[in-house]
Structure formats: structure tokens, C-alpha cells
Amino acid sequence: EHVSSAQRSFLEEQCYAANIHACFAIPTLKEEPEAGSIFPCDEQKRKLAAVSFHRAKNHKRGPQELVSVYLSDVHAREWMNKTDAEIYDECWYLAREVYPALPKLFSPFSISRRPEAIPVHAVGRYADADRFQKVQRGRKVYFCGDYLATATIEGAIATGLAVQGIDSE
């Protein structure tokens, strides 16, 4: 079996946004954040993509909590080769700009650099992905992943289940 020229083109044209995810351990905040995540949005090109609080995942509140900070695509690409210490400092500075209730001091917890983290779905890309999946039905080799659905783990799982003939709804 082979991959058609249309399928090959679809695969080769897939673009990804970069991401740096820095996670911090901090003393448990006294006040509950108003939302689980903050996504700063305005007319500016932002360095910060999001700040996420892990409280919803931690039902046993202890003396510490985790906070994740995600750099935007452009800023992540610029910072991909910086040291862990530089990235932690930059991420915490940006997080405190949008959520000043965060403490000045933090403990680094983990860091992930992903140059190709999130599929970018250009206009018309979902229709192309649908055609791609229809063409591969009945073949021995299947392509699966979030680039064929939504840019989420759920999208990746849905394409895998579709290959098995299982409805993900």
C-alpha cells in the first residue's frame, strides 16, 4: 500500500506550534483563583500562553500546590535553548504579571520543551483531515493523531478509536 500524493502533501504541510511548559511548586495560595487557568488575550502578541492551577486535580490540599506556566509559540521558539533556570525565571515573571497573587519565590518542579507541541489547524484543514481519514479506511496501515482531529489528547484518541471501528461518542 502507498500514501497518495494528496495524503503525502497533507502530512508534509502540517505545522506545529512550539511550547515550553514550566511547572512550579509553591505554598498553597490563601485565596482560590477565580479560574483554573488564565489565558491572557488582547491585541498584543503575548509571550505567555497560559497559567494553570492544578487545584482541581488535587483534592487533598496540603502546604504546597502546583502551578503550570506555558509560553506562547513565538516566545517558546525564542527560549527553546535557554537554561532551565532562565526559563523558570522568565515564566514566573510572566505569570506574576497576569496573576500578582503568586508568591515572589517558587520551587522549580518540572520543565518540558516541545518544539512541535500543538498542531496548527489552518482554514480548511479539518475538511482535509476528514478526507484523509476516509481514504485510509480499509487499509492495513493507518495514521492517527491530534493533527487529524482536534489539537487535544481527545482528538488523538478519537482517531485511534476510529481506526478500530469504535465510535468515540
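- Within a 6.0 Å sphere centred on OH of Tyr126, heavy atoms belonging to other residues, nucleotides or ligands number more than 12.
- Under the side chain to side chain donor-acceptor pair (under 3.5 Å) criterion, Ser37 pairs with Ser52, sequence neighbours left out.
- From Asn19, atom CG reaches atom CG of Asp73 across 9.0 Å, with rounding to the nearest 0.5 Å.
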Any chance you could lay out the salt bridge (Lys or Arg N to Asp or Glu O under 4.0 Å) test for Arg131 and Asp128, step after step, and finish with the verdict?
-> CA-CA 5 Å; Arg131 279 191 291 280; Asp128 293 342; 2.3 Å; yes
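- In this structure, the side chains of Arg113 and Asp84 come closer than 4.5 Å at one or more pairs of heavy atoms.
- Other residues, nucleotides and ligands place no more than 12 heavy atoms under 6.0 Å from the CZ atom of Phe109.
- Side-chain contact check for Glu97 versus Leu48: every heavy-atom pair is 4.5 Å or farther apart.
- For the atom pair CG of Leu71 and CZ of Arg46, the computed distance is 13.0 Å after rounding to the nearest 0.5 Å.
- Put simply, NZ on Lys47 and SG on Cys91 are 11.5 Å apart, with the number rounded to the nearest 0.5 Å.
- Annotation: side chain to side chain contact (heavy atoms under 4.5 Å, CB included) contacts of Thr83 (sequence neighbours excluded): Ala85, Glu86.
- To the nearest 0.5 angstrom, Phe10 atom CZ is 14.0 Å from Ser5 atom OG.
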Derivation of the side-chain contact (heavy atoms from CB on, under 4.5 Å) call for Leu102 and Phe53 | CA-CA 11 Å; Leu102 291 170; Phe53 302 94; 4.0 Å; yes
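- Taking 4.5 Å as the limit, every side-chain heavy atom of Val98 sits out of range of all side-chain heavy atoms of Phe39.
- Residues satisfying the side chain to side chain contact (heavy atoms under 4.5 Å, CB included) test with Pro103, not counting sequence neighbours, are Ile26, Pro27, Leu29, Trp92.
- The shortest heavy-atom contact between Pro119 and Gln14 is CB-NE2, 3.6 Å.
- When atom types are taken as modelled, the side chain of Gln133 and the backbone of Leu148 share a donor-acceptor pair closer than 3.5 angstrom.
- Residue Tyr70 belongs to no hydrophobic cluster, having no ILVMFWY side-chain heavy atom closer than 4.5 Å to its own.
- Contact between Cys23 and Ser68 at its shortest, heavy atoms only, is SG-OG, 3.7 Å.
- Val135 and Leu11 are not part of a single hydrophobic cluster, where members link through side-chain heavy atoms under 4.5 Å apart.
- Atom NE2 of His21 and atom CD1 of Ile87 lie 12.5 Å apart (nearest 0.5 Å).
- A single hydrophobic cluster is not seen to contain both Ile20 and Val120; linkage of ILVMFWY side chains at heavy-atom distances under 4.5 Å, directly or through other members, places them apart.
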Hey, mind stepping through Leu105 and Phe24 against side-chain contact (heavy atoms from CB on, under 4.5 Å) and telling me if it holds?
-> CA-CA 10 Å; Leu105 300 177; Phe24 302 87; over 6 Å; no
Chi angles and distances behind the side-chain contact (heavy atoms from CB on, under 4.5 Å) call for His75, Glu90 | CA-CA 10 Å; His75 202 50; Glu90 173 74 354; 2.7 Å; yes
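- For the ring pair (Phe, Tyr, Trp, His ring centres under 6.0 Å) condition, the pairs that include at least one residue of residues 142-162, sequence neighbours left out, are Phe132-Phe143.
- Residues forming a side chain to side chain donor-acceptor pair (under 3.5 Å) with Asp146 (at least two apart in sequence, or on another chain): none.
- Both Ile111 and Val67 are assigned to one and the same hydrophobic cluster, defined by single-linkage of ILVMFWY side chains at heavy-atom distances under 4.5 Å.
- Of all non-hydrogen atoms in Ala18 and Met80, the two that sit nearest each other are CB-CE, 4.0 Å.
- Pairing each heavy atom of Tyr16 with each of Ala117, the nearest pair is CB-N, 4.2 Å.
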